[in-house]
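When reading the values below, keep in mind they use all heavy atoms of this one structure, side chains included, and skip hydrogens, waters and symmetry mates. Throughout, residue positions are numbered sequentially from 1 according to the sequence presented.
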Amino acid sequence: MAAVTVGSMKWPQQRAVLVDGIVKRAASMGCRDATVMRAVRLLDLCHTDGIIDTDNATQVAVACVAACVKRLEPHLLMDDMPDDPSHTRAQVVGRAAADSSVCGIGCLEKLFTDAGMDTHGRLFSVAKYLMFLSMCEVELAGCDVRLLAATAVYITRKNHQDQIRGRIWSAALVAESSVSEAALESAIATLRMQRLLWRDTQTTKGIVTDAVDEMFASADRHGVALTHSHPQQERQQQDGNKDHPLAHFFVDDRCCIPDISTTLQLRAAAPCFRKAFSPTQLRNRLHHSIAREGIDTQLVQFDTSLGMGELMAAVWIAEEGGRWAETREVLQWASQCRYCTLPIMLTADDINTHASKTLMVVGRHVAFGDGSCLQIFRHANGEVRAIKDEPGFRLTVNPVIPAHQLYQQHRLQHDPPVESRIEYWAIDGRWVSSFPFEYPSVSSFAKDMILSHFAFTHQINRTSIRLNRYVGGGRLDGLLTQSPHTQVAGCTTTYSWDGRVLDLVLTDSSHNFVAWIPLEDMGNDNVLVSVETSEAAVCGSGAFKDRYPVTIQLARVALGRVAPYVFDGQVPTMAAMMRAVQVTVSD
(Lines give C-alpha, C1' and ligand atoms only; values in the text may rest on other atoms or scores of the structure.)
Protein backbone atom coordinates (compact mmCIF):
# COMPACT_ATOMS: atom_id res chain seq x y z
CA MET A 1 0.00 0.00 0.00
CA ALA A 2 1.45 3.36 -1.05
CA ALA A 3 2.06 5.80 1.75
CA VAL A 4 -0.61 8.49 1.96
CA THR A 5 -0.50 11.71 3.94
CA VAL A 6 -3.59 11.45 6.17
CA GLY A 7 -2.43 13.10 9.37
CA SER A 8 -4.25 16.39 8.74
CA MET A 9 -7.55 14.71 7.84
CA LYS A 10 -10.50 14.11 10.11
CA TRP A 11 -11.30 10.48 10.76
CA PRO A 12 -14.08 10.00 8.15
CA GLN A 13 -11.85 11.35 5.36
CA GLN A 14 -8.80 9.61 6.78
CA ARG A 15 -10.73 6.37 6.99
CA ALA A 16 -11.91 6.69 3.38
CA VAL A 17 -8.33 6.95 2.16
CA LEU A 18 -7.23 4.00 4.31
CA VAL A 19 -10.14 1.81 3.21
CA ASP A 20 -9.28 2.64 -0.39
CA GLY A 21 -5.75 1.42 0.24
CA ILE A 22 -6.98 -1.73 1.97
CA VAL A 23 -9.27 -2.61 -0.92
CA LYS A 24 -6.54 -2.01 -3.48
CA ARG A 25 -3.99 -4.08 -1.62
CA ALA A 26 -6.43 -6.93 -0.95
CA ALA A 27 -7.47 -6.90 -4.61
CA SER A 28 -3.86 -7.09 -5.79
CA MET A 29 -3.41 -10.17 -3.60
CA GLY A 30 -6.59 -11.86 -4.81
CA CYS A 31 -8.29 -11.84 -1.39
CA ARG A 32 -11.82 -13.08 -0.89
CA ASP A 33 -14.73 -10.83 0.10
CA ALA A 34 -14.59 -12.03 3.69
CA THR A 35 -10.96 -11.01 4.07
CA VAL A 36 -11.58 -7.51 2.71
CA MET A 37 -14.54 -7.02 5.05
CA ARG A 38 -12.63 -8.30 8.07
CA ALA A 39 -9.70 -5.96 7.29
CA VAL A 40 -12.03 -2.95 7.07
CA ARG A 41 -13.70 -3.91 10.34
CA LEU A 42 -10.32 -4.42 11.99
CA LEU A 43 -9.29 -0.92 10.92
CA ASP A 44 -12.31 0.51 12.77
CA LEU A 45 -11.55 -1.55 15.86
CA CYS A 46 -7.98 -0.25 15.86
CA HIS A 47 -9.28 3.31 15.65
CA THR A 48 -11.67 2.67 18.55
CA ASP A 49 -8.82 1.24 20.63
CA GLY A 50 -6.57 4.22 19.90
CA ILE A 51 -3.98 2.17 18.02
CA ILE A 52 -4.09 4.59 15.08
CA ASP A 53 -2.38 7.96 15.36
CA THR A 54 -1.28 10.61 12.87
CA ASP A 55 2.08 8.91 12.21
CA ASN A 56 1.13 5.28 11.72
CA ALA A 57 -2.26 5.28 10.00
CA THR A 58 -1.04 3.80 6.73
CA GLN A 59 1.09 1.27 8.59
CA VAL A 60 -1.93 0.15 10.61
CA ALA A 61 -4.00 -0.28 7.46
CA VAL A 62 -1.27 -2.46 5.94
CA ALA A 63 -1.11 -4.45 9.16
CA CYS A 64 -4.91 -4.96 9.08
CA VAL A 65 -4.65 -6.57 5.66
CA ALA A 66 -1.69 -8.70 6.74
CA ALA A 67 -3.39 -9.89 9.93
CA CYS A 68 -6.59 -10.88 8.17
CA VAL A 69 -4.77 -12.60 5.31
CA LYS A 70 -2.68 -14.56 7.80
CA ARG A 71 -5.79 -15.70 9.68
CA LEU A 72 -8.11 -16.36 6.72
CA GLU A 73 -5.96 -16.92 3.62
CA PRO A 74 -2.37 -17.64 4.69
CA HIS A 75 -1.49 -19.01 1.25
CA LEU A 76 -1.71 -15.42 -0.06
CA LEU A 77 0.99 -14.04 2.26
CA MET A 78 3.42 -11.82 0.37
CA ASP A 79 7.13 -11.13 0.79
CA ASP A 80 6.53 -7.64 2.16
CA MET A 81 4.77 -9.07 5.24
CA PRO A 82 7.62 -9.69 7.71
CA ASP A 83 7.36 -12.57 10.16
CA ASP A 84 8.72 -10.35 12.93
CA PRO A 85 6.13 -7.53 13.06
CA SER A 86 6.79 -4.10 14.45
CA HIS A 87 5.18 -2.90 17.67
CA THR A 88 2.26 -1.40 15.73
CA ARG A 89 1.73 -4.54 13.73
CA ALA A 90 1.92 -6.59 16.89
CA GLN A 91 -0.88 -4.50 18.35
CA VAL A 92 -2.99 -5.00 15.24
CA VAL A 93 -2.35 -8.74 15.23
CA GLY A 94 -3.34 -8.87 18.88
CA ARG A 95 -6.52 -6.93 18.17
CA ALA A 96 -7.36 -9.27 15.30
CA ALA A 97 -6.97 -12.25 17.60
CA ALA A 98 -9.21 -10.62 20.19
CA ASP A 99 -11.92 -9.85 17.64
CA SER A 100 -14.26 -12.82 17.90
CA SER A 101 -16.94 -11.37 15.63
CA VAL A 102 -18.07 -13.63 12.85
CA CYS A 103 -17.53 -12.73 9.22
CA GLY A 104 -20.32 -10.80 7.53
CA ILE A 105 -20.37 -13.16 4.54
CA GLY A 106 -20.84 -16.12 6.87
CA CYS A 107 -23.79 -14.37 8.51
CA LEU A 108 -25.37 -13.66 5.15
CA GLU A 109 -24.96 -17.25 4.02
CA LYS A 110 -26.56 -18.55 7.22
CA LEU A 111 -29.52 -16.20 6.96
CA PHE A 112 -30.04 -16.98 3.27
CA THR A 113 -29.88 -20.72 3.98
CA ASP A 114 -32.40 -20.46 6.83
CA ALA A 115 -34.71 -18.50 4.55
CA GLY A 116 -34.41 -21.13 1.80
CA MET A 117 -32.70 -18.69 -0.56
CA ASP A 118 -29.93 -19.36 -3.07
CA THR A 119 -26.49 -18.25 -1.83
CA HIS A 120 -25.17 -18.15 -5.40
CA GLY A 121 -27.93 -16.11 -7.00
CA ARG A 122 -28.61 -12.48 -7.81
CA LEU A 123 -30.26 -11.60 -4.50
CA PHE A 124 -27.24 -12.84 -2.57
CA SER A 125 -25.10 -10.51 -4.68
CA VAL A 126 -27.37 -7.63 -3.69
CA ALA A 127 -27.14 -8.48 0.02
CA LYS A 128 -23.38 -9.01 -0.20
CA TYR A 129 -22.91 -5.68 -1.92
CA LEU A 130 -25.02 -3.91 0.71
CA MET A 131 -22.99 -5.63 3.43
CA PHE A 132 -19.76 -4.44 1.88
CA LEU A 133 -20.98 -0.86 1.50
CA SER A 134 -22.21 -0.77 5.09
CA MET A 135 -18.83 -1.90 6.41
CA CYS A 136 -17.16 0.80 4.33
CA GLU A 137 -19.59 3.47 5.57
CA VAL A 138 -18.15 5.26 8.58
CA GLU A 139 -21.41 5.52 10.53
CA LEU A 140 -22.31 1.87 10.03
CA ALA A 141 -18.91 0.22 10.30
CA GLY A 142 -19.02 0.21 14.10
CA CYS A 143 -22.26 -1.77 14.20
CA ASP A 144 -22.26 -5.42 15.13
CA VAL A 145 -21.59 -7.57 12.06
CA ARG A 146 -24.62 -9.75 12.79
CA LEU A 147 -26.89 -6.70 12.81
CA LEU A 148 -25.46 -5.44 9.51
CA ALA A 149 -25.96 -8.85 7.93
CA ALA A 150 -29.53 -9.08 9.17
CA THR A 151 -30.22 -5.57 7.88
CA ALA A 152 -28.75 -6.34 4.46
CA VAL A 153 -30.88 -9.48 4.17
CA TYR A 154 -34.00 -7.67 5.39
CA ILE A 155 -33.63 -4.82 2.88
CA THR A 156 -32.87 -7.26 0.06
CA ARG A 157 -36.00 -9.30 0.83
CA LYS A 158 -38.13 -6.18 1.31
CA ASN A 159 -37.16 -4.77 -2.08
CA HIS A 160 -37.57 -8.08 -3.91
CA GLN A 161 -40.75 -9.48 -2.38
CA ASP A 162 -41.83 -10.85 -5.75
CA GLN A 163 -38.79 -13.17 -5.71
CA ILE A 164 -39.04 -14.59 -2.18
CA ARG A 165 -41.34 -17.00 -0.39
CA GLY A 166 -43.27 -16.21 2.77
CA ARG A 167 -43.10 -13.08 4.90
CA ILE A 168 -40.27 -10.56 4.59
CA TRP A 169 -38.89 -11.53 7.99
CA SER A 170 -39.97 -15.04 8.97
CA ALA A 171 -39.79 -16.73 12.37
CA ALA A 172 -36.73 -18.68 11.21
CA LEU A 173 -34.89 -15.46 10.42
CA VAL A 174 -35.87 -13.94 13.77
CA ALA A 175 -34.57 -17.01 15.56
CA GLU A 176 -31.30 -16.98 13.65
CA SER A 177 -30.57 -13.26 13.92
CA SER A 178 -32.38 -12.46 17.21
CA VAL A 179 -33.66 -9.29 15.53
CA SER A 180 -37.37 -8.70 14.92
CA GLU A 181 -38.83 -7.12 11.81
CA ALA A 182 -40.11 -4.19 13.90
CA ALA A 183 -36.62 -3.59 15.29
CA LEU A 184 -35.09 -3.64 11.84
CA GLU A 185 -37.75 -1.32 10.43
CA SER A 186 -37.08 1.30 13.10
CA ALA A 187 -33.29 0.97 13.26
CA ILE A 188 -31.07 3.79 12.07
CA ALA A 189 -28.82 1.16 10.48
CA THR A 190 -31.72 0.10 8.25
CA LEU A 191 -32.41 3.68 7.22
CA ARG A 192 -28.79 4.40 6.39
CA MET A 193 -28.35 1.15 4.51
CA GLN A 194 -31.53 1.75 2.53
CA ARG A 195 -29.92 4.92 1.24
CA LEU A 196 -27.27 2.74 -0.32
CA LEU A 197 -29.86 0.93 -2.36
CA TRP A 198 -30.85 2.96 -5.41
CA ARG A 199 -34.22 1.27 -5.86
CA ASP A 200 -35.55 2.51 -2.50
CA THR A 201 -37.14 5.75 -3.70
CA GLN A 202 -38.58 6.63 -0.30
CA THR A 203 -35.17 7.35 1.20
CA THR A 204 -32.98 8.01 -1.81
CA LYS A 205 -34.61 11.04 -3.39
CA GLY A 206 -33.40 14.38 -2.16
CA ILE A 207 -30.03 13.11 -0.92
CA VAL A 208 -27.48 15.56 -2.32
CA THR A 209 -24.00 14.85 -1.07
CA ASP A 210 -20.89 16.93 -0.67
CA ALA A 211 -19.25 14.63 -3.18
CA VAL A 212 -21.60 15.90 -5.89
CA ASP A 213 -20.73 19.52 -5.17
CA GLU A 214 -17.03 18.73 -5.03
CA MET A 215 -17.18 16.87 -8.31
CA PHE A 216 -18.93 19.71 -10.12
CA ALA A 217 -16.60 22.33 -8.61
CA SER A 218 -13.25 20.64 -9.16
CA ALA A 219 -11.04 21.19 -12.18
CA ASP A 220 -11.37 17.51 -13.11
CA ARG A 221 -15.02 17.64 -12.34
CA HIS A 222 -16.13 14.89 -14.65
CA GLY A 223 -12.96 12.81 -14.67
CA VAL A 224 -13.88 9.15 -14.26
CA ALA A 225 -11.61 6.37 -15.37
CA LEU A 226 -12.66 3.92 -18.05
CA THR A 227 -13.54 0.48 -16.77
CA HIS A 228 -13.87 -3.18 -17.51
CA SER A 229 -17.14 -4.90 -18.31
CA HIS A 230 -19.28 -7.08 -16.09
CA PRO A 231 -17.32 -10.22 -15.11
CA GLN A 232 -19.60 -12.53 -17.08
CA GLN A 233 -18.91 -10.49 -20.19
CA GLU A 234 -15.24 -10.21 -19.25
CA ARG A 235 -14.82 -13.97 -19.21
CA GLN A 236 -16.16 -14.12 -22.74
CA GLN A 237 -13.42 -11.83 -24.02
CA GLN A 238 -10.26 -13.28 -25.47
CA ASP A 239 -7.81 -10.61 -24.40
CA GLY A 240 -7.10 -12.28 -21.07
CA ASN A 241 -7.80 -9.16 -18.98
CA LYS A 242 -8.39 -9.81 -15.29
CA ASP A 243 -11.78 -8.95 -13.81
CA HIS A 244 -11.98 -5.83 -11.74
CA PRO A 245 -11.64 -7.02 -8.10
CA LEU A 246 -14.88 -5.31 -7.02
CA ALA A 247 -16.98 -6.24 -10.04
CA HIS A 248 -18.52 -9.25 -8.27
CA PHE A 249 -20.12 -6.94 -5.70
CA PHE A 250 -22.52 -5.72 -8.40
CA VAL A 251 -25.67 -7.58 -9.36
CA ASP A 252 -26.23 -8.71 -12.92
CA ASP A 253 -28.62 -5.83 -13.62
CA ARG A 254 -26.39 -2.73 -13.62
CA CYS A 255 -29.48 -0.54 -13.31
CA CYS A 256 -29.71 -1.68 -9.67
CA ILE A 257 -26.47 -0.03 -8.57
CA PRO A 258 -26.88 2.53 -5.75
CA ASP A 259 -28.31 6.00 -6.19
CA ILE A 260 -25.98 8.37 -7.99
CA SER A 261 -25.20 10.39 -4.86
CA THR A 262 -23.96 7.24 -3.11
CA THR A 263 -22.06 6.33 -6.25
CA LEU A 264 -20.26 9.67 -6.14
CA GLN A 265 -19.55 9.26 -2.43
CA LEU A 266 -17.91 5.93 -3.17
CA ARG A 267 -16.03 7.53 -6.03
CA ALA A 268 -14.65 10.20 -3.76
CA ALA A 269 -13.82 7.75 -0.98
CA ALA A 270 -12.30 4.96 -3.04
CA PRO A 271 -11.00 5.68 -6.55
CA CYS A 272 -10.95 1.97 -7.32
CA PHE A 273 -14.75 2.06 -7.37
CA ARG A 274 -14.48 4.08 -10.57
CA LYS A 275 -13.57 0.89 -12.35
CA ALA A 276 -16.94 -0.60 -11.50
CA PHE A 277 -18.60 1.68 -14.07
CA SER A 278 -18.14 1.85 -17.83
CA PRO A 279 -19.66 4.24 -20.41
CA THR A 280 -21.96 1.50 -21.67
CA GLN A 281 -23.18 0.71 -18.17
CA LEU A 282 -23.80 4.39 -17.43
CA ARG A 283 -25.73 4.83 -20.68
CA ASN A 284 -27.92 1.89 -19.71
CA ARG A 285 -28.33 3.46 -16.28
CA LEU A 286 -29.28 6.80 -17.89
CA HIS A 287 -31.89 5.18 -20.15
CA HIS A 288 -33.32 3.33 -17.16
CA SER A 289 -33.37 6.55 -15.09
CA ILE A 290 -35.14 8.49 -17.83
CA ALA A 291 -37.92 5.90 -17.95
CA ARG A 292 -38.08 5.55 -14.17
CA GLU A 293 -38.26 9.30 -13.49
CA GLY A 294 -41.02 9.77 -16.07
CA ILE A 295 -38.88 11.89 -18.40
CA ASP A 296 -40.66 12.12 -21.75
CA THR A 297 -38.16 11.41 -24.53
CA GLN A 298 -40.42 13.41 -26.86
CA LEU A 299 -39.57 16.35 -24.61
CA VAL A 300 -35.92 15.90 -23.59
CA GLN A 301 -33.17 13.64 -24.87
CA PHE A 302 -29.49 13.27 -23.99
CA ASP A 303 -26.88 13.40 -26.73
CA THR A 304 -25.69 9.87 -27.51
CA SER A 305 -22.11 11.13 -27.87
CA LEU A 306 -21.76 12.16 -24.19
CA GLY A 307 -18.43 11.17 -22.71
CA MET A 308 -17.82 9.30 -19.46
CA GLY A 309 -17.83 12.37 -17.25
CA GLU A 310 -20.92 13.91 -18.85
CA LEU A 311 -22.74 10.58 -18.55
CA MET A 312 -22.09 10.50 -14.80
CA ALA A 313 -23.40 14.05 -14.50
CA ALA A 314 -26.38 13.27 -16.78
CA VAL A 315 -27.42 10.38 -14.55
CA TRP A 316 -27.27 12.71 -11.54
CA ILE A 317 -29.33 15.35 -13.37
CA ALA A 318 -31.94 12.76 -14.34
CA GLU A 319 -32.21 11.24 -10.87
CA GLU A 320 -31.36 14.01 -8.41
CA GLY A 321 -31.45 17.29 -10.34
CA GLY A 322 -35.05 18.02 -9.43
CA ARG A 323 -38.54 17.02 -10.47
CA TRP A 324 -39.16 17.02 -14.21
CA ALA A 325 -42.90 17.80 -14.04
CA GLU A 326 -42.31 21.55 -13.79
CA THR A 327 -39.61 21.47 -16.47
CA ARG A 328 -41.98 19.61 -18.76
CA GLU A 329 -44.66 22.28 -18.40
CA VAL A 330 -42.16 25.08 -19.06
CA LEU A 331 -40.85 23.42 -22.22
CA GLN A 332 -44.33 22.62 -23.51
CA TRP A 333 -45.38 26.23 -22.91
CA ALA A 334 -42.25 27.50 -24.67
CA SER A 335 -42.93 25.13 -27.57
CA GLN A 336 -46.49 26.45 -27.92
CA CYS A 337 -45.08 29.97 -28.15
CA ARG A 338 -42.58 28.74 -30.79
CA TYR A 339 -39.54 29.53 -28.66
CA CYS A 340 -38.13 25.99 -28.81
CA THR A 341 -38.45 22.80 -30.83
CA LEU A 342 -39.09 19.55 -29.01
CA PRO A 343 -37.42 17.30 -28.13
CA ILE A 344 -34.64 19.32 -26.58
CA MET A 345 -31.28 17.63 -27.11
CA LEU A 346 -29.07 18.06 -24.05
CA THR A 347 -25.39 18.15 -24.99
CA ALA A 348 -22.10 18.16 -23.13
CA ASP A 349 -22.15 21.98 -23.24
CA ASP A 350 -25.47 22.02 -21.36
CA ILE A 351 -24.19 19.66 -18.70
CA ASN A 352 -20.86 21.43 -18.32
CA THR A 353 -22.63 24.77 -17.97
CA HIS A 354 -25.41 23.77 -15.59
CA ALA A 355 -24.82 20.36 -14.03
CA SER A 356 -27.45 20.80 -11.35
CA LYS A 357 -31.12 21.66 -11.80
CA THR A 358 -33.20 20.45 -14.72
CA LEU A 359 -34.67 23.87 -15.60
CA MET A 360 -31.19 25.42 -15.59
CA VAL A 361 -29.97 22.77 -18.03
CA VAL A 362 -32.75 23.21 -20.60
CA GLY A 363 -33.26 26.98 -20.24
CA ARG A 364 -30.76 28.06 -22.87
CA HIS A 365 -32.71 26.06 -25.48
CA VAL A 366 -35.69 28.41 -25.00
CA ALA A 367 -34.64 31.19 -27.40
CA PHE A 368 -36.72 34.34 -27.82
CA GLY A 369 -35.36 35.14 -31.27
CA ASP A 370 -33.73 38.43 -30.27
CA GLY A 371 -30.49 36.99 -28.94
CA SER A 372 -31.92 36.35 -25.46
CA CYS A 373 -32.97 33.04 -23.96
CA LEU A 374 -34.46 31.65 -20.77
CA GLN A 375 -31.06 31.00 -19.26
CA ILE A 376 -30.53 30.88 -15.51
CA PHE A 377 -27.08 31.62 -14.10
CA ARG A 378 -25.97 30.40 -10.68
CA HIS A 379 -22.81 31.96 -9.22
CA ALA A 380 -20.44 30.50 -6.67
CA ASN A 381 -21.61 32.98 -4.03
CA GLY A 382 -25.17 31.68 -4.36
CA GLU A 383 -26.46 34.55 -6.49
CA VAL A 384 -28.92 33.54 -9.22
CA ARG A 385 -29.59 35.61 -12.34
CA ALA A 386 -31.93 35.06 -15.28
CA ILE A 387 -32.12 36.09 -18.95
CA LYS A 388 -28.92 38.13 -18.65
CA ASP A 389 -25.90 37.50 -16.47
CA GLU A 390 -26.01 41.04 -15.09
CA PRO A 391 -26.54 42.34 -11.52
CA GLY A 392 -29.88 43.94 -12.41
CA PHE A 393 -31.31 40.57 -13.45
CA ARG A 394 -30.92 38.86 -10.11
CA LEU A 395 -33.46 36.38 -8.78
CA THR A 396 -33.99 36.26 -5.03
CA VAL A 397 -34.57 32.57 -4.32
CA ASN A 398 -36.62 31.75 -1.21
CA PRO A 399 -37.49 35.36 -0.32
CA VAL A 400 -39.03 36.12 3.05
CA ILE A 401 -42.79 35.56 2.71
CA PRO A 402 -45.28 36.03 5.58
CA ALA A 403 -46.55 32.73 6.95
CA HIS A 404 -50.19 33.48 6.13
CA GLN A 405 -49.58 34.17 2.45
CA LEU A 406 -50.53 31.60 -0.17
CA TYR A 407 -47.02 31.22 -1.59
CA GLN A 408 -45.57 30.44 1.84
CA GLN A 409 -48.31 27.94 2.72
CA HIS A 410 -47.85 26.01 -0.53
CA ARG A 411 -44.11 26.37 -1.18
CA LEU A 412 -42.27 23.50 -2.87
CA GLN A 413 -38.83 22.56 -1.61
CA HIS A 414 -37.63 21.46 -5.05
CA ASP A 415 -39.17 24.48 -6.83
CA PRO A 416 -38.95 27.35 -4.32
CA PRO A 417 -40.51 30.83 -4.52
CA VAL A 418 -38.50 33.61 -6.15
CA GLU A 419 -38.62 37.37 -6.37
CA SER A 420 -37.78 38.99 -9.70
CA ARG A 421 -37.40 42.47 -11.24
CA ILE A 422 -37.39 41.33 -14.89
CA GLU A 423 -39.88 42.03 -17.64
CA TYR A 424 -39.90 42.55 -21.42
CA TRP A 425 -40.54 46.00 -22.87
CA ALA A 426 -41.83 45.83 -26.43
CA ILE A 427 -41.33 49.56 -26.97
CA ASP A 428 -37.57 49.08 -26.60
CA GLY A 429 -37.45 45.43 -27.68
CA ARG A 430 -35.38 44.45 -24.66
CA TRP A 431 -35.46 42.90 -21.22
CA VAL A 432 -35.33 45.40 -18.36
CA SER A 433 -35.06 45.34 -14.59
CA SER A 434 -38.20 46.88 -13.08
CA PHE A 435 -40.21 46.71 -9.86
CA PRO A 436 -40.13 43.27 -8.18
CA PHE A 437 -42.74 40.53 -8.46
CA GLU A 438 -43.05 37.45 -6.30
CA TYR A 439 -43.57 34.03 -7.86
CA PRO A 440 -44.55 30.83 -6.02
CA SER A 441 -41.82 28.89 -7.84
CA VAL A 442 -38.93 29.18 -10.28
CA SER A 443 -41.01 27.42 -12.92
CA SER A 444 -43.79 30.01 -12.53
CA PHE A 445 -41.21 32.74 -13.12
CA ALA A 446 -40.01 30.93 -16.27
CA LYS A 447 -43.57 30.62 -17.62
CA ASP A 448 -44.22 34.33 -17.00
CA MET A 449 -41.04 35.32 -18.83
CA ILE A 450 -42.20 33.28 -21.84
CA LEU A 451 -45.64 34.90 -21.80
CA SER A 452 -44.17 38.37 -21.20
CA HIS A 453 -42.14 38.14 -24.40
CA PHE A 454 -44.92 36.51 -26.42
CA ALA A 455 -47.60 39.03 -25.41
CA PHE A 456 -45.47 42.00 -26.43
CA THR A 457 -44.24 40.57 -29.72
CA HIS A 458 -47.50 39.19 -31.16
CA GLN A 459 -50.92 40.57 -32.04
CA ILE A 460 -53.05 39.79 -29.00
CA ASN A 461 -56.82 40.18 -28.86
CA ARG A 462 -58.52 40.47 -25.47
CA THR A 463 -61.73 41.00 -23.62
CA SER A 464 -62.12 41.79 -19.93
CA ILE A 465 -64.83 42.02 -17.29
CA ARG A 466 -64.79 42.72 -13.57
CA LEU A 467 -66.78 40.21 -11.51
CA ASN A 468 -67.44 39.41 -7.89
CA ARG A 469 -65.23 36.51 -6.84
CA TYR A 470 -68.23 34.53 -5.60
CA VAL A 471 -70.29 34.41 -8.81
CA GLY A 472 -70.76 31.06 -10.49
CA GLY A 473 -70.66 29.15 -7.23
CA GLY A 474 -67.44 30.79 -6.08
CA ARG A 475 -65.38 29.45 -8.98
CA LEU A 476 -63.07 32.48 -9.10
CA ASP A 477 -62.54 32.46 -5.34
CA GLY A 478 -61.62 28.78 -5.47
CA LEU A 479 -59.06 29.31 -8.25
CA LEU A 480 -57.40 32.26 -6.49
CA THR A 481 -57.20 30.63 -3.03
CA GLN A 482 -56.15 27.08 -3.92
CA SER A 483 -52.50 26.06 -4.12
CA PRO A 484 -50.80 27.83 -7.05
CA HIS A 485 -49.41 24.44 -8.07
CA THR A 486 -52.85 22.81 -8.53
CA GLN A 487 -53.80 21.65 -12.02
CA VAL A 488 -56.96 23.30 -13.39
CA ALA A 489 -59.42 21.41 -15.59
CA GLY A 490 -59.32 22.61 -19.18
CA CYS A 491 -55.83 24.15 -18.83
CA THR A 492 -52.53 22.85 -20.16
CA THR A 493 -50.61 24.72 -17.45
CA THR A 494 -51.12 27.49 -14.89
CA TYR A 495 -48.92 29.88 -12.98
CA SER A 496 -49.35 32.84 -10.66
CA TRP A 497 -47.36 35.95 -9.79
CA ASP A 498 -47.39 38.97 -7.52
CA GLY A 499 -49.62 37.13 -5.07
CA ARG A 500 -52.77 38.22 -6.88
CA VAL A 501 -52.60 37.14 -10.54
CA LEU A 502 -53.30 33.64 -11.84
CA ASP A 503 -52.78 32.84 -15.53
CA LEU A 504 -54.66 29.86 -17.00
CA VAL A 505 -53.10 28.64 -20.26
CA LEU A 506 -55.72 27.12 -22.57
CA THR A 507 -53.83 25.93 -25.64
CA ASP A 508 -51.29 23.24 -26.40
CA SER A 509 -49.01 22.35 -29.30
CA SER A 510 -51.96 21.14 -31.38
CA HIS A 511 -53.21 24.70 -31.72
CA ASN A 512 -51.75 27.26 -34.14
CA PHE A 513 -52.30 30.09 -31.65
CA VAL A 514 -51.84 30.78 -27.94
CA ALA A 515 -54.66 31.69 -25.54
CA TRP A 516 -54.78 32.25 -21.80
CA ILE A 517 -56.98 33.69 -19.04
CA PRO A 518 -55.45 36.11 -16.52
CA LEU A 519 -57.39 36.35 -13.24
CA GLU A 520 -56.38 39.41 -11.20
CA ASP A 521 -57.54 39.95 -7.65
CA MET A 522 -58.50 43.66 -7.51
CA GLY A 523 -59.50 43.69 -3.84
CA ASN A 524 -62.94 44.16 -2.26
CA ASP A 525 -63.96 40.74 -3.63
CA ASN A 526 -63.54 41.98 -7.22
CA VAL A 527 -61.68 39.94 -9.83
CA LEU A 528 -60.67 41.18 -13.28
CA VAL A 529 -61.27 38.28 -15.69
CA SER A 530 -59.55 38.63 -19.08
CA VAL A 531 -59.37 36.32 -22.06
CA GLU A 532 -56.36 36.90 -24.33
CA THR A 533 -55.59 35.11 -27.57
CA SER A 534 -53.50 35.25 -30.72
CA GLU A 535 -56.18 33.32 -32.63
CA ALA A 536 -56.99 34.84 -36.02
CA ALA A 537 -60.50 36.32 -36.12
CA VAL A 538 -62.99 34.37 -38.23
CA CYS A 539 -64.92 37.54 -39.04
CA GLY A 540 -64.17 41.25 -39.27
CA SER A 541 -66.63 42.41 -36.63
CA GLY A 542 -68.99 41.11 -34.00
CA ALA A 543 -68.85 39.93 -30.42
CA PHE A 544 -65.57 38.54 -29.06
CA LYS A 545 -67.09 35.07 -28.69
CA ASP A 546 -68.09 35.09 -32.39
CA ARG A 547 -64.74 36.31 -33.71
CA TYR A 548 -62.60 33.84 -31.71
CA PRO A 549 -64.73 30.69 -31.39
CA VAL A 550 -61.96 28.17 -30.60
CA THR A 551 -60.58 30.31 -27.78
CA ILE A 552 -64.08 30.74 -26.32
CA GLN A 553 -64.71 27.00 -26.46
CA LEU A 554 -61.52 26.34 -24.49
CA ALA A 555 -62.20 29.17 -22.03
CA ARG A 556 -65.68 27.92 -21.17
CA VAL A 557 -64.20 24.65 -19.87
CA ALA A 558 -61.69 26.44 -17.64
CA LEU A 559 -64.11 29.06 -16.31
CA GLY A 560 -66.98 26.64 -15.72
CA ARG A 561 -70.05 28.37 -14.28
CA VAL A 562 -68.37 31.78 -14.59
CA ALA A 563 -68.29 31.58 -18.41
CA PRO A 564 -71.87 32.89 -18.98
CA TYR A 565 -70.99 36.05 -17.03
CA VAL A 566 -67.92 36.63 -19.22
CA PHE A 567 -69.26 35.75 -22.68
CA ASP A 568 -73.06 35.67 -22.65
CA GLY A 569 -73.98 38.82 -20.77
CA GLN A 570 -75.46 37.03 -17.77
CA VAL A 571 -75.76 39.39 -14.78
CA PRO A 572 -74.91 38.07 -11.32
CA THR A 573 -77.58 38.39 -8.65
CA MET A 574 -76.95 39.23 -5.01
CA ALA A 575 -78.76 36.09 -3.91
CA ALA A 576 -76.48 33.90 -6.04
CA MET A 577 -73.37 35.57 -4.62
CA MET A 578 -74.63 35.17 -1.04
CA ARG A 579 -75.26 31.46 -1.62
CA ALA A 580 -71.72 31.09 -2.98
CA VAL A 581 -70.27 32.86 0.08
CA GLN A 582 -72.20 30.57 2.42
CA VAL A 583 -71.01 27.46 0.60
CA THR A 584 -67.40 28.68 0.65
CA VAL A 585 -67.50 29.41 4.37
CA SER A 586 -69.12 26.08 5.23
CA ASP A 587 -66.54 24.20 3.18
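Annotation for R561: atom CZ does not count as buried by contact number, only 12 or fewer foreign heavy atoms lying within 6.0 Å. The environment of CD in E383 is crowded: more than 12 heavy-atom neighbours from other residues, nucleotides or ligands sit within 6.0 Å.
Salt-bridge check for D350 with R364: passed, with a basic side-chain N closer than 4.0 Å to an acidic carboxylate O. Here R385 does not pair with E390 in a salt bridge; the nearest charged N to carboxylate O distance is not below 4.0 Å.
In this pair, H453 and Y424 present their aromatic rings tilted. The plane angle is within the 30 to 60° band.
A side-chain hydrogen bond (donor to acceptor under 3.5 Å, both in side chains) with R469 is found for one member of D521, N526, N524 and no other, namely D521.
Remark: the backbone N or O of Q482 is not paired with any side-chain donor or acceptor of T486 at under 3.5 angstrom. Formation of a donor-acceptor pair under 3.5 Å by the Q409 side chain with backbone atoms of H404 is found in this model. Between the side chain of E310 and the main chain of L306, no donor-acceptor pair closer than 3.5 Å is present.
Inspection of the S443 and D415 side chains reveals an N or O donor paired with an N or O acceptor under 3.5 Å. In the model, N398 has a side-chain atom that pairs as donor or acceptor with a side-chain atom of R411 under 3.5 Å.
A centroid separation of 6.0 Å or more is found between the aromatic rings of F445 and W497.
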